[in-house]
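Since we're looking at a predicted model, the values are computed, not measured.
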Amino acid sequence: MRTAAIYDIHGNLPALEAVIQDIRRAEVDRVIIGGDVFPGPMPHETLGCLLNLDIPVQFIYGNGDREVLATMAGKETSTPEPFREVMRWNAQQILPEHERLLASWPLAVRLEIRGLGEVLFCHATPRNDTEVFTRFTSEEHLLPIFEGLDVTLVVCGHTHMQFDRMIGKVRVVNAGSVGMPFGKPGAYWLLLGPEVQLRHTSYNLEKAAERIRTTSYPQAEDFAEHNVLQPPSEREMVELFSKAELK
């Protein structure tokens, strides 16, 4: 079976639609959604698109999904104040009947993939959905997290930067971000089986930015400009994440 791994969509429906076209061309048999469907400018439409796919889909949750779900439930969250309006807006866009669905998403999924063996899908690291590491993080700090998993490959996301590296004897691949990439504009994802293919999908960025600007998303202009048209560079984000990454 050929498996697509798509992570960190963040409500960017135009990017998701472009990736789905590529997934169909690749004749994918199943899709793993690796967390952070939300928050973003088109959350209701993005979830609907995923739920209506005629390809089997399996979800895991990310920290963004978890925070939106907590906001829907009226719970206190750890979201920094500047982003709380975004979380509240996203929570208002999700239909009440989808609340139970979101709550059912697991933290991780294991699958056997032909040519790759046992694969673990998680959002950030196998132990939680917020830990930060990049292609440059010291292996010494990562070994305790990735040893003893009894898998050949771990697929993760969260930092929105695609990479492929070894940590001890485990191959660790970051799928990158569909909707909020750091680096070259476009949408990043993985095609798995029988090998690992790091994919990048180009789409009409100007048209996507216009669609996003027409939403009532509180940060629509900023998202269109700085997450679609001109995302931050990988170098900028690696420097920023280096202050929060595992030491």
Side-chain angles (χ1 to χ4, degrees), residues 4-20 22 32-47 49-50 59-68 79-80 82-87 89-90 93-94 122-124 129-135 155-163 173-190 198-215 217-241 244-245:
I6 60 178
Y7 278 60
D8 296 288
I9 303 166
H10 284 287
N12 184 342
L13 181 64
L16 174 62
E17 290 171 340
V19 168
I20 288 173
D22 273 0
I32 303 298
I33 311 300
D36 280 12
V37 175
F38 325 111
M42 305 172 81
H44 171 68
E45 299 88 341
T46 297
L47 181 60
C49 179
L50 294 171
F59 293 83
I60 61 177
Y61 73 73
N63 59 300
D65 308 315
R66 175 171 51 76
E67 293 285 306
V68 168
T79 304
F83 301 105
R84 290 189 180 182
E85 182 184 13
V86 163
M87 289 297 183
W89 185 87
N90 270 257
Q93 307 306 306
I94 307 303
C122 58
H123 182 65
D129 61 5
T130 58
E131 286 181 314
V132 170
F133 72 101
T134 71
R135 69 173 81 241
V155 176
C156 60
H158 185 53
T159 55
H160 300 201
M161 292 178 284
Q162 206 173 59
F163 63 74
V173 181
N174 190 303
S177 172
V178 169
M180 290 180 68
F182 298 146
K184 178 183 175 182
Y188 295 78
W189 57 286
L190 300 179
L198 278 64
R199 292 296 190 100
H200 174 268
T201 295
S202 298
Y203 62 102
N204 190 322
L205 302 175
E206 291 289 347
K207 187 174 288 187
E210 282 307 308
R211 287 176 68 184
I212 288 166
R213 289 187 182 110
T214 63
T215 69
Y217 183 58
Q219 297 179 7
E221 178 60 38
D222 184 73
F223 192 101
E225 186 64 31
H226 299 117
N227 294 124
V228 175
L229 297 174
Q230 295 181 313
S233 70
E234 182 179 22
R235 170 187 261 179
E236 289 176 84
M237 297 311 297
V238 165
E239 289 178 1
L240 180 64
F241 285 146
E245 71 181 11

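Nearest heavy atoms, Gly62 versus Asp129: C-OD2, 3.8 Å. When every heavy atom of Gly186 is checked against every heavy atom of Leu205, the shortest pair comes out as N-CD2, 4.3 Å. Annotation for Trp89 and Pro41: closest pair CH2-O, 3.2 Å, computed over non-hydrogen atoms. Nearest heavy atoms, Ile60 versus His123: CD1-N, 3.8 Å. Summarising the geometry of Ala124 relative to Glu131, their closest heavy-atom pair is CB-O, 3.3 Å, with the distance given to 0.1 Å. Of all heavy-atom pairs spanning Val228 and Ala224, the tightest one is CB-O, 3.3 Å.
Side chain of Gln162 to main chain of Asn174: no donor-acceptor pair is present (N/O by atom type, distance under 3.5 Å, no hydrogens or angles). A side-chain donor-acceptor contact under 3.5 Å links His158 to the backbone of Thr130. Under a 3.5 Å cut-off, the side chain of Asn12 and the backbone N or O of Ile9 do not form any donor-acceptor pair. Looking only at distances, no side-chain donor or acceptor of Asp8 sits under 3.5 Å from a matching main-chain atom of Ser177. The backbone N or O of Met180 sits less than 3.5 Å from a side-chain atom of His160, completing a donor-acceptor pair.
Tyr7 places a side-chain heavy atom less than 4.5 Å from the side chain of Val155.
In this structure, CZ on Arg84 lies 9.0 Å from CD on Glu67, to the nearest 0.5 angstrom. A distance of 9.0 Å separates CD1 in Ile212 from CG in Leu13, rounded to the nearest 0.5 Å.
Every residue two or more places apart in sequence or in another chain that forms a ring pair (Phe, Tyr, Trp, His ring centres under 6.0 Å) with His200 is listed here: Tyr188. Remark: Asn90 pairs with Phe38, Pro39, Pro43, Val68, Val86, Tyr217 by the side chain to side chain contact (heavy atoms under 4.5 Å, CB included) rule, at least two apart or across chains. Under the side-chain hydrogen bond (donor to acceptor under 3.5 Å, both in side chains) criterion, Glu234 pairs with Arg135, not counting sequence neighbours. Residues satisfying the side-chain hydrogen bond (donor to acceptor under 3.5 Å, both in side chains) criterion with Glu210, sequence neighbours excluded, are Arg213. By the ring pair (Phe, Tyr, Trp, His ring centres under 6.0 Å) test, Phe223 is found to be paired with no residue, residues two or more places apart in sequence or in another chain being considered. Listed by chain and number, the residues in a side chain to side chain contact (heavy atoms under 4.5 Å, CB included) with Leu240 are Met237 (sequence neighbours excluded).
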Please test Leu16 against Ile6 for side-chain contact (heavy atoms from CB on, under 4.5 Å), starting from the C-alpha separation and ending with a verdict. CA-CA 9 Å; Leu16 174 62; Ile6 60 178; 3.9 Å; yes

Do Arg199 and Asp22 pass the salt bridge (charged side-chain N to carboxylate O under 4.0 Å, His left out) test, and can you show the C-alpha distance, the side-chain angles, and the key distance before you say yes or no? CA-CA 9 Å; Arg199 292 296 190 100; Asp22 273 0; 5.3 Å; no

Assess the residue pair Asp36 and Asp65 against the criterion (side-chain contact (heavy atoms from CB on, under 4.5 Å)); give the C-alpha distance rounded to whole Å, side-chain angles, the decisive distance to 0.1 Å, and a yes or no. CA-CA 5 Å; Asp36 280 12; Asp65 308 315; 4.2 Å; yes

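Taking 4.0 Å as the cut-off between side-chain N and carboxylate O, Arg211 and Glu45 do not count as a salt-bridged pair.
Ring pair Phe163/Phe133 is perpendicular by interplanar angle, where above 60° counts as perpendicular and below 30° as parallel.
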